[in-house]
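Quick notes on the structure that follows.
Just so we're on the same page: letters track the sequence lines, and every chain starts at 1. As a basis for the values below, the full set of heavy atoms in this structure was taken, side chains included, without hydrogen atoms, waters or symmetry mates.
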Amino acid sequence: MIDPRILREDPDRVRAAQAKRGLSDDVVDRALAADTARREAITTFESRRGEQKRLGKLIPQAQGEEKTALLTRTKALAAQVKEAEAAQAVAEEEWRQSLLSIPNLAADEVPAGGEDDFVVLETVGTPATFDFEPRDHVELGRMLGAIDLERGAKVSGSRFYFLTGVGAELEFALINLANETAREFGFTQVIAPSMVKPRAMDGTGFLGQAADDVYRIEGQDMYLVGTSEVPMAAYHSDEILDGSSLPLRYAAFSPCFRKEAGSHGKDTKGIIRVHWFDKVEMFVYTTVEDSYAEHQRLLSIEKAFLDKLELAYQVIDTAAGDLGLSAQRKFDCEAWIPTQGKYRELTSTSNCTEFQTRRLDTRGRFTTADGGTELKAIATLNGTLCAVPRAIVAILETHQQADGSVKVPQALQKWLGREVLEPVTGG
RNA sequence: GGAGGCGUCGCCUAGUCCGGUCGAUGGCGCCCGCCUGCUAAGCGGGUUGAGGAUAAAACCUCUCGCGGGUUCAAAUCCCGCCGCCUCCGCCA
């Protein structure tokens, strides 16, 4: 949720932000009207309620006719109060809904436009070249006995897989490396629940434009999370955090579930786009002022991780129209996938500023210059440390050799206990 | 899943049977001030959060786990839900 004060005091800024994302600004007018209506309704209710309370106090001391008269008046008033209260609730809800439907205001630096209007900030490493015909990760996975897509489909359906043998070992190695990296950078490790209540899902903005991608548990009013950003954002909901304890940096492991609705035909082969995968996600609570530097920090950690995997990648500044509901700015790290001849998203980091904490009611208590304290909205940020399947895809394809074996990046060797993954079947 | 108990403004706690001077008691902690060579003790005051109003205040409304209901009036009575604890059953 954006700051209601910005909407009231500078609606044109919100209109401009909507335009930048390619969205209508109707909702701005709707929200402004709702705000006015809401305040009127509050005034009406409060004046009636105030009178009711004043008169009510007189009743216990009143006697005889005076008391009867008072009761008649307060009884009528009670009905009015009830009515005014209901009207206020309606106005309040309309205001809330219109405000909730406004996405976070994109940063000035964010490129305008849609999915294809990103700006490449940086290219790191050189895409791998081969003196043989490189195999895709599906074939390599089969040769190594690492990825079993056929049985994944048999047991669970399309976009499911078993990681077996070195595939499973590779996941654990990646998780270990991610956790080691998290530790180096001062993150508290967390294992987060991947089923959440609607509050958490909605608070992180995933029941908005992304709702189609979310699995709901039948008959339970619970959801499977698509990322541990969801439980981690809700982790401190309804809390007032000690400002001096910030930043709070978490690295949360969880399985992630995505319907991938509307992606029919995209990445149908392999494990680039799957309904379930494991991920270690960085999640940070900090002040809004510090969030911009923290965002850069998360990006640098993601880059450091990709460097450890010895991958070639580019960093893009996502265009406004391709930002999530909550994000103010988003950087994606896209690794080179040899058999696709292009860069594909491996990690992503977003600064959600105060958008999520306003929805989930997380604030910070800070000491002011004069020694007092004040409550302020704080910022949340998230960033992928390692999304396992895509990391595996990039590693297998990048480090493959002519015979179908795969060189293990140095940083993973101690976790895998070997320098090369050897095929278990012929090519 | 069955039975019972509990949920009060940071923590503890009074109040709930018998609705209105509880529009929330006291203690601890914390903050400000006084006092005392310093410190401690002592004394006085302050200390939930949200919203409305205002130049800013004063002020007003809401907030006793959450949501309804009864009533002129609800922390208090009634209904539903959630969470925690204890016992039983079941189980990785």
Taking the [atom1] atom of each, how far is [N] from [M], in whole Å?
N: B:A3; M: B:A74; atom1: C1'; result: 30 Å
N: B:A24; M: B:C81; atom1: C1'; result: 25 Å
N: B:C34; M: B:U39; atom1: P; result: 12 Å
N: B:G27; M: B:G46; atom1: P; result: 13 Å
N: B:C82; M: B:G68; atom1: C1'; result: 14 Å
N: B:G26; M: B:G44; atom1: P; result: 13 Å
N: B:G5; M: B:A92; atom1: C1'; result: 29 Å
N: B:C43; M: B:A50; atom1: C1'; result: 35 Å

A:R329: salt bridge (charged side-chain N to carboxylate O under 4.0 Å, His left out) partners, not counting sequence neighbours: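 In terms of salt bridge (charged side-chain N to carboxylate O under 4.0 Å, His left out), with neighbours along the sequence ignored, A:R329 is linked to A:D317.
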Give none if [N] has no partner; otherwise give the nucleotide forming a Watson-Crick or G-U wobble pair with it, both distances under 3.5 Å.
N: B:U86; answer: B:A3
N: B:C81; answer: B:G65
N: B:C43; answer: B:G33
N: B:U25; answer: none

Exam field: side chain A:D213 to backbone A:E260, donor-acceptor pair closer than 3.5 Å: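 Side chain of A:D213 to backbone of A:E260, a donor-acceptor pair under 3.5 Å: yes, one is there.
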Backbone N/O of A:L381 and side chain of A:H295: donor-acceptor pair under 3.5 Å: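 Checked: no pair found.
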Base versus backbone protein contacts along nucleotides 55-72 of chain B [heavy-atom cut-off under 4.0 Å; B, S, -]: -----BBS-------S-B
Sugar-phosphate, base or nothing in reach of A:R358, heavy atoms under 4.0 Å: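 Result for A:R358 = nothing.
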Touch class at under 4.0 angstrom, heavy-atom based, for A:R363 against every strand present: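 Sugar-phosphate, no base atom in range.
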Could you check how far [atom1] of [X] sits from [atom2] of [N], rounded to whole Å?
X: A:L360; N: B:A50; atom1: CG; atom2: C1'; answer: 17 Å
X: A:E239; N: B:G49; atom1: CD; atom2: C1'; answer: 15 Å
X: A:L58; N: B:G20; atom1: CG; atom2: P; answer: 17 Å
X: A:L375; N: B:G10; atom1: CG; atom2: C1'; answer: 13 Å
X: A:D242; N: B:G10; atom1: CG; atom2: C1'; answer: 12 Å
X: A:R5; N: B:G52; atom1: CZ; atom2: P; answer: 11 Å
X: A:K57; N: B:G19; atom1: NZ; atom2: C1'; answer: 16 Å
X: A:D221; N: B:G80; atom1: CG; atom2: C1'; answer: 16 Å

Side-chain N,O (A:R365) to OP1/OP2 (B:G49) below 4.0 Å: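 Result: yes.
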Phosphate contact (B:G52 OP1 or OP2) by A:R38 side-chain N/O below 4.0 Å: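 Yes.
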Decide, yes or no, whether a salt bridge links [X] with [Y] under the criterion of side-chain N to carboxylate O below 4.0 Å.
X: A:D212; Y: A:K259; result: no
X: A:K330; Y: A:E345; result: no
X: A:R249; Y: A:E294; result: yes

Ring centers of A:Y285, A:Y235 separated by less than 6.0 Å: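 No, the ring centres sit 6.0 Å or more apart.
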Partner set under side-chain hydrogen bond (donor to acceptor under 3.5 Å, both in side chains) for A:D242, not counting sequence neighbours: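 In terms of side-chain hydrogen bond (donor to acceptor under 3.5 Å, both in side chains), with neighbours along the sequence ignored, A:D242 is linked to A:S244.
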Rounded distance [0.5 Å steps], CG in A:L396 versus CZ in A:R135: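 Those atoms lie 12.5 Å apart.
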